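Down below is the structure, laid out as structure tokens.
Quick caveat, the model's predicted, so the values are computed rather than measured.
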Amino acid sequence: YVLIDGNPKWPRNDLTYRIINRTPDMRPADVDEAIKQAFEVWSNVVPLTFRKIEDGAADIMMSFQFRDHGDGYPFYGPHGTLAHAFQPGPRIGGDVHFDEEETWTKNSKGYNLFIVAAHELGHSLGLAHSPDPGSLMYPNYAYRDTKEFHLPQDDINGIQAIYGQSLQPVQPTGPSTPRTCDPNLSFDAVATLRGEMLFFKGRYLWRKHPQIRETEINLISQFWPTLPAGIQAAYEDVEKDQFVLFKGNTILVSLVHGYPKRIHQLGFPKTVKRINAAFSDKNTRKTYFFVANKYWRYDENRQSMDEGYPRNIISVFGKIGKVDAAFQHDGYIYLFHGRKQTQFDPNTKQVVRVLKSTSWFGC
Amino acid sequence: APLAPEVDTMMLAEGYLRNFYGLETELHPSFKRKITDSVSEKLKKMQSFFGLKVTGKLNNETVEMMKQPRCGVPDIGE
């Protein structure tokens, strides 16, 4: 987390707020509810209270503004800059301005007012932008499931550094962003996509370009706002230019209509509830699915499962146990299991070597 | 007439660095070299903040990051 230069903070713990105007994009009651919940994000973790007033000057004045609105920080139309807020202080201090030209919503379409308001209130209370991509105070917008929202630990640490701990008997905790070179890091799914490698873990996604040493970590929702966290398997169908993802018994395909579908439509028996890992061989057009200690092979040309499957993973790939994630690269198959990955040569049917799961990140 | 893509990208970058990284571009034309140096320094700060490869040059990853919707508050103190 990062605090605003000079560490400005409110001198009192009981603050007032006022909603000056509302966006026509949402019902007034929904605007009020989104903003109330945004305040609760912070009041849940520090000893601050926020009381809504209808008239007069409040500590934090919230409004929807259009283009140049007289504070030296104009908006420029849809997208780009969504909102801004001022650090704690008198008059304009603490105030929050939303760009009226954005499409504000209470869901994943357009920009979610609750998410943006909660972020801006972080500034109103004294937080600057955090470089932690999983934090609420990261500068870029990313949709998060608002029903499952928990303030990330980075933000909790930041706001408690200013106002102290919550008065609750049990201190609240939040999710932490995984460290890229954590030796215990495992992945939910790994796949290639148009020359890049994508590593999924919870609500996070690492993007690795083979020619670039640095690895980017972002929230999955930054790239696919409607995609759920906790993707369990993924593969790229190079020929169809499709990216296929699995969670539970659901198949999702990026940019293709007619999805989600059920995994049983691929030919799995009803007893299969989820797929642990998948990869597709672009040369043979065969896709391999790993489920518990077995694997299936699917023919992308015939659109059906090959006969003779499932087979035991151990019979072909050796004693590696459950496979968490899999992908193919330069002719080799990489099977991820826990914090390790096994490099397998499909031609010699031999294990080449066992690596750390994070070896792709140059750790 | 529409701007050439590279001009468009340079304008996007200058606007971004001015708004969020304190780039000052209101200098006399004879200080053009100084502006270029300043852009490079600010780009490095921005790339470092977002965990991108720090080159001081406007590459695809940096432009992609600049195009994302975001908060209007600067990333470095004012």
Side-chain angles (χ1 to χ4, degrees), chain A residues 2-8 65 71-76 78-87 96-99 102 110-111 115-116 119-120 122-124 127-133 136-143 177 180 196 206-207 209 211-218 222-223 225, chain B residues 1-28 35 38-78:
Chain A
V2 181
L3 305 184
I4 294 175
D5 282 354
N7 296 358
Q65 302 280 357
D71 63 3
Y73 295 92
F75 293 123
Y76 298 99
H79 310 298
T81 302
L82 310 179
H84 55 236
F86 295 87
Q87 65 183 56
V96 178
H97 297 162
F98 302 98
D99 182 0
E102 309 301 342
Y111 296 109
I115 298 289
V116 176
H119 171 99
E120 297 305 331
H123 293 310
S124 302
L127 290 176
H129 283 146
S130 168
D132 179 342
L136 180 62
M137 294 314 293
Y138 190 65
N140 293 359
Y141 175 84
Y143 176 74
T177 305
T180 300
E196 289 188 36
W206 285 262
R207 288 175 71 185
H209 195 283
Q211 271 81 51
I212 298 174
R213 185 180 153 77
E214 283 73 13
T215 309
E216 259 182 66
I217 177 173
N218 283 108
Q222 202 144 10
F223 298 98
Chain B
L3 295 169
E6 60 273 21
V7 176
D8 219 10
T9 304
M10 198 57 216
M11 285 176 67
L12 164 83
E14 282 202 9
Y16 191 96
L17 297 175
R18 195 168 51 240
N19 288 339
F20 307 120
Y21 286 85
L23 176 70
E24 291 174 18
T25 51
E26 304 302 317
L27 293 171
H28 189 273
I35 295 173
S38 182
V39 166
S40 178
E41 283 309 305
K42 299 294 182 185
L43 268 176
K44 283 181 183 172
K45 282 192 175 165
M46 182 240 166
Q47 289 165 334
S48 172
F49 184 93
F50 285 101
L52 303 172
K53 187 172 186 180
V54 179
T55 61
K57 295 195 170 69
L58 199 55
N59 51 27
N60 286 341
E61 289 73 33
T62 307
V63 173
E64 201 179 303
M65 192 63 84
M66 287 177 170
K67 287 181 176 173
Q68 291 193 16
R70 58 163 289 158
C71 169
V73 173
D75 296 337
I76 56 166
E78 287 199 310

(request) Just give me the residue among A:V116, A:N140, A:I4 that pairs up with chain B most often, heavy atom to heavy atom, under 4.5 Å. (result) A:N140
(request) Sort A:F86 into side chain, backbone, both or neither according to what part of it lies under 4.5 angstrom from a heavy atom of chain B. (result) neither
(request) Measure the CG-CE distance between A:L3 and A:M137 for me, rounded to the nearest 0.5 Å. (result) 10.5 Å
(message) Under 4.5 Å from any heavy atom of chain B, what part of A:A83 do you find: side chain, backbone, both or neither?
(response) backbone
(request) Sort by residue number and list every member of residues 55-62 of chain B having a non-hydrogen atom under 4.5 Å from chain A. (result) B:E61
(request) Between chain B and each of A:Q222, A:H209, A:E102, A:H79, count heavy-atom pairs under 4.5 Å; write down the option with the most. (result) A:Q222
(message) Go through it in stages, so that I can follow the logic: the residues are B:E41 and B:K45, the test is side chain to side chain contact (heavy atoms under 4.5 Å, CB included), and I'd like the CA-CA distance, side-chain angles, deciding distance and then a yes or no.
(response) CA-CA 6 Å; B:E41 283 309 305; B:K45 282 192 175 165; over 6 Å; no
(message) At a heavy-atom distance under 4.5 Å, which candidate from B:G51, B:P69, B:S48 has the highest pair count against chain A?
(response) B:P69
(message) Within the 3.5 Å criterion, strictly below it, is a donor on A:D99 or A:H84 matched to an acceptor on the partner's side chain?
(response) no
(message) Between B:E64 and chain A, with a heavy-atom cut-off of 4.5 Å, which part of the residue counts as in contact: side chain, backbone, both or neither?
(response) side chain
(request) Go through the steps to decide whether A:H97 and A:Y73 satisfy the test ring pair (Phe, Tyr, Trp, His ring centres under 6.0 Å), and finish with yes or no. (result) CA-CA 10 Å; A:H97 297 162; A:Y73 295 92; 9.3 Å; no
(message) Nearest 0.5 angstrom please: A:L82 CG to A:F98 CZ, how far?
(response) 10.5 Å
(message) Taking every non-hydrogen pair under 4.5 Å, which of A:H119, A:H123, A:E216 racks up the most with chain B?
(response) A:H123
(message) Given heavy-atom pairs under 4.5 angstrom as the criterion, report whether the side chain, backbone, both or neither of B:M65 touches chain A.
(response) both
(message) Is there a side chain to side chain contact (heavy atoms under 4.5 Å, CB included) between B:S38 and B:L23? Walk through the geometry before answering.
(response) CA-CA 7 Å; B:S38 182; B:L23 176 70; 3.2 Å; yes
(message) Less than 3.5 Å apart, any donor N or O on the side chain of A:D132 or A:Y138 sitting next to an acceptor on the other?
(response) no
(message) Does B:R70 qualify as a cation-pi partner of B:F20, given the criterion of NZ or CZ under 6.0 Å from the six-membered ring centre and within 45 degrees of its axis?
(response) yes
(request) Any chance you could measure B:F50, atom CZ, to B:D75, atom CG, to the nearest 0.5 Å? (result) 5.0 Å
(message) Once salt bridge (Lys or Arg N to Asp or Glu O under 4.0 Å) is applied, do any residues pair with B:K67, and if so which ones, sequence neighbours excluded?
(response) none
(request) For chain B, find which of A:R207, A:H129, A:E120 contributes the most heavy-atom pairs closer than 4.5 angstrom. (result) A:H129
